[in-house]
There are 2 protein chains.
Amino acid sequence: MGETIQSVERAAAILRLLASGPRQLGVAELAKALGLPKGTLHGILRTLVRVGFVEQDLATGKYRLGATLLHLGSSYLDVNELRTRSINWADALAGRSRESAWIGTLHEGHVLVIHHVFRPDDSMQTLQVGTYLPTHASALGKVLLAHDPYGEAPAAPLRAYTKATLTDPKALETELDQVRARGWAAEREELTEGEVAIAAPIKDARGIVVGAIGIRGAVERLAPDGALHMEYVSYVRDAARAITRALAR
Amino acid sequence: MGETIQSVERAAAILRLLASGPRQLGVAELAKALGLPKGTLHGILRTLVRVGFVEQDLATGKYRLGATLLHLGSSYLDVNELRTRSINWADALAGRSRESAWIGTLHEGHVLVIHHVFRPDDSMQTLQVGTYLPTHASALGKVLLAHDPYGEAPAAPLRAYTKATLTDPKALETELDQVRARGWAAEREELTEGEVAIAAPIKDARGIVVGAIGIRGAVERLAPDGALHMEYVSYVRDAARAITRALAR
DNA sequence: GGTCTGCGTTCGGCATTATCGAACCGCTCT
DNA sequence: AGAGCGGTTCGATAATGCCGAACGCAGACC
């Protein structure tokens with residue numbers, strides 16, 4: 001492998017640090033975190049400010065992410081083929097199921113949400129596009145893990161979001177076997193109390209799983225008597241198959 | 001002013017070029033556009049790929065934006081104070097007016113949409129957060145231009161989106177005077193045939209306009225008899241004032 | 001109110017670092 | 001079969017960005 005440009009890599013590390021928390025960071029904090037001299041960081045920060053990737057708080061002098069990144073991020077959505085080809089199917093899925101629909105991809109060990117359709121008749125929800133979901137505690141994540149060509153084991157300690165979260169790697173592996181066998185995944189209050197999700201894999205022309213689509217909603221609607229209503233499962237699988245077909249040509 | 005780091009600036013220029021169109025770009029194209037040797041660009045691109053800001057098409061070798069940018073962009077939303085403080089008011093505005101609500105800021109000569117609430121009971125719409133609106137052909141843009149402290153004249157040739165778009169700089173200036181005088185702006189089918197918008201300014205603690213909030217909807221509902229229904233205007237102005245108050249403390 | 005600690009910022013010498021252009025390879029189209 | 005066009009590699013060169021010490025300004029703390 002070839003070499004990589006130092007300053008660009010450092011700039012990226014700064015941006016990732018600034019994105020990791022809602023707090024603004026100062027030069028000194030960044031210097032400590034990255035193990036670099038303050039002067040070096042200041043030079044990179046000055047450049048990042050000039051190109052709009054970072055903004056500086058005039059009062060405190062601390063740094064935060066800049067507005068240009070928001071626009072770059074939304075440009076990514078236009079470029080992403082999986083998203084543009086599947087938007088219509090996600091709408092249809094949300095309409096049929098009357099639940100919120102989600103599309104995600106595996107990215108750096110998380111599920112990156114690349115599309116999100118609100119539940120019909122219930123629009124006051126915050127949009128989740130661009131956010132991460134945990135792989136081991138979401139239906140989308142289970143689907144993506146189960147079909148991950150690299151078979152990355154999910155990051156070591158599985159965080160418990162609720163009492164139902166699968167925290168034992170062996171239990172998760174069993175679950176993934178099941179997902180592979182039946183072709184879809186469920187998640188029952190493993191991420192948020194009272195919410196249930198269903199997801200199925202989307203494959204590209206070569207048959208490789210490139211994403212997952214699913215729905216998420218209240219346990220009372222999706223699994224009222226403790227068991228999933230299978231019609232929801234077929235809605236999700238229909239949508240996944242339709243997108244897979246669309247990607248094939 | 002101090003110096004800036006060459007390679008980081010070039011990396012930013014590459015990202016902006018990749019974001020400027022939905023097309024993937026090759027090394028040669030980028031080299032021509034930026035007037036740099038291919039080898040130089042390749043080095044930067046290799047680094048950008050490694051940090052996930054750019055992805056390379058395995059088939060064609062061309063480059064496109066990467067998924068990490070989507071996540072960074074959504075992180076910006078968490079950091080942006082204007083947005084976090086005004087989300088609830090935007091929801092309320094959408095609820096009262098039963099139209100879609102929008103919040104935007106001035107950014108590099110455009111209106112950057114930082115929040116967007118769908119119209120109630122009509123959720124199958126695509127989200128516009130992160131996209132640009134033209135300043136001269138949107139209600140949000142007129143408000144922001146009218147109160148821009150730097151008074152940047154809108155970029156030279158005013159593009160006509162519909163027959164009603166204000167393309168004459170003098171006409172626009174007159175309109176902006178009116179916006180300043182009455183404290184809100186309207187846009188009647190100047191961006192999209194059949195759609196009307198209303199917006200009002202949001203000020204920070206120092207009284208400087210930092211953003212705008214507004215609604216957008218079908219002309220039949222907002223201005224049925226050719227004249228704007230003034231109750232919509234008061235909904236918007238109420239929301240703007242409420243946010244301004246919230247930012248004051 | 002004075003000191004002190006911490007911040008962001010500036011500066012210039014040094015050598016590390018990225019730049020550059022030519023050469024390379026695989027592909028497509030002629 | 002060749003030419004032309006992609007993306008990629010490579011190594012010499014000197015320009016480049018790195019670093020650490022010094023600066024000025026706050027605010028905190030006696």
Side-chain angles (χ1 to χ4, degrees), chain A residues 1-66 79 81 205-206, chain B residues 1-66 79 81 205-206:
Chain A
M1 294 285 136
E3 287 302 301
T4 105
I5 293 178
Q6 202 181 51
S7 51
V8 174
E9 237 177 10
R10 289 174 172 178
I14 291 174
L15 292 177
R16 227 176 303 213
L17 267 178
L18 289 176
S20 67
R23 229 175 75 265
Q24 308 191 148
L25 265 43
V27 175
E29 286 175 277
L30 290 167
K32 208 179 307 166
L34 296 174
L36 293 171
K38 283 197 297 179
T40 305
L41 274 158
H42 182 73
I44 301 176
L45 282 167
R46 183 171 49 211
T47 312
L48 288 174
V49 167
R50 194 161 302 200
V51 298
F53 287 20
V54 160
E55 292 167 2
Q56 183 170 25
D57 192 294
L58 280 84
T60 66
K62 289 177 184 292
Y63 295 91
R64 58 168 177 265
L65 293 182
V79 180
E81 203 196 336
R206 296 161 306 179
Chain B
M1 293 285 135
E3 288 301 302
T4 102
I5 294 178
Q6 200 181 52
S7 51
V8 174
E9 239 179 7
R10 289 173 172 178
I14 291 174
L15 292 177
R16 228 174 304 208
L17 268 178
L18 289 175
S20 67
R23 229 176 75 265
Q24 307 191 149
L25 265 43
V27 175
E29 287 175 277
L30 290 166
K32 208 178 308 169
L34 296 173
L36 293 171
K38 283 197 297 179
T40 305
L41 274 159
H42 181 74
I44 302 176
L45 282 167
R46 182 171 50 210
T47 312
L48 288 174
V49 167
R50 193 161 304 200
V51 297
F53 287 20
V54 161
E55 292 167 3
Q56 184 171 24
D57 191 295
L58 281 84
T60 67
K62 289 177 183 292
Y63 295 91
R64 56 168 180 265
L65 293 181
V79 179
E81 204 196 336
R206 297 160 306 178

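To find a chain, count down the sequence lines: A is the first, B the second, and so on, and within it residues start at 1.
Residue Tyr63(B) has no polar side-chain atom (N or O) positioned under 4.0 Å from OP1 or OP2 of dG6(D). Listed pair Gln6(A) / dT19(C) fails the phosphate criterion, with no side-chain N or O lying under 4.0 Å from OP1 or OP2. For His42(B), no side-chain nitrogen or oxygen approaches OP1 or OP2 of dG7(D) to under 4.0 Å.
Contact of the Phe53(B) side chain with the Thr47(B) side chain is not registered, since no non-hydrogen atoms from C-beta on lie closer than 4.5 Å. Here the side chains of Ile5(A) and Val8(B) are not in contact, with every heavy-atom distance at 4.5 Å or above.
Atom-to-atom distance recorded for Leu17(A):CG and Leu34(A):CG is 5.0 Å, nearest 0.5 angstrom. Between the CD atom of Glu29(A) and the CG atom of Leu18(A) there is a distance of 10.0 Å, given to the nearest 0.5 Å. To the nearest 0.5 angstrom, Leu15(A) atom CG is 6.5 Å from Leu65(A) atom CG.
Using modelled atom types and a 3.5 Å distance limit, the side chains of Thr4(A) and Glu9(A) yield a donor-acceptor pair.
Taking atom CD1 on Ile44(A) and atom C1' on dC19(D), their separation rounds to 12 Å, with Å as the unit. For the pair Arg46(A) CZ and dG17(D) C1', the interatomic distance rounds to 11 Å; values are reported in whole Å. The separation between Leu41(A) atom CG and dA21(D) atom C1' is 16 Å, rounded to whole Å. Between Ile5(A) atom CD1 and dT9(D) atom P there is a gap of 14 Å when expressed in whole angstrom units. Taking atom CG of Leu45(B) as the reference point, atom P of dG7(D) lies 9 Å away to the nearest angstrom.
Judged as a side-chain hydrogen bond (donor to acceptor under 3.5 Å, both in side chains), and not counting sequence neighbours, the contacts of Gln24(B) are Asp57(B), Arg64(B).
For the P atoms, the distance from dG11(D) to dA15(D) is 22 Å, rounded to whole Å. Comparing the same atom, P, in dT16(C) and in dG12(C) gives a spacing of 22 Å after rounding to whole Å.
Near DNA chain D, defined here as any heavy-atom distance below 4.0 Å, the residues from residues 9-40 of chain B are Gly26(B), Val27(B), Ala28(B), Lys38(B), Gly39(B), listed numerically.
Annotation: of the two residues near DNA chain C, Lys62(A) and Ser7(A), the 5′-most nearest-nucleotide partner is Lys62(A).
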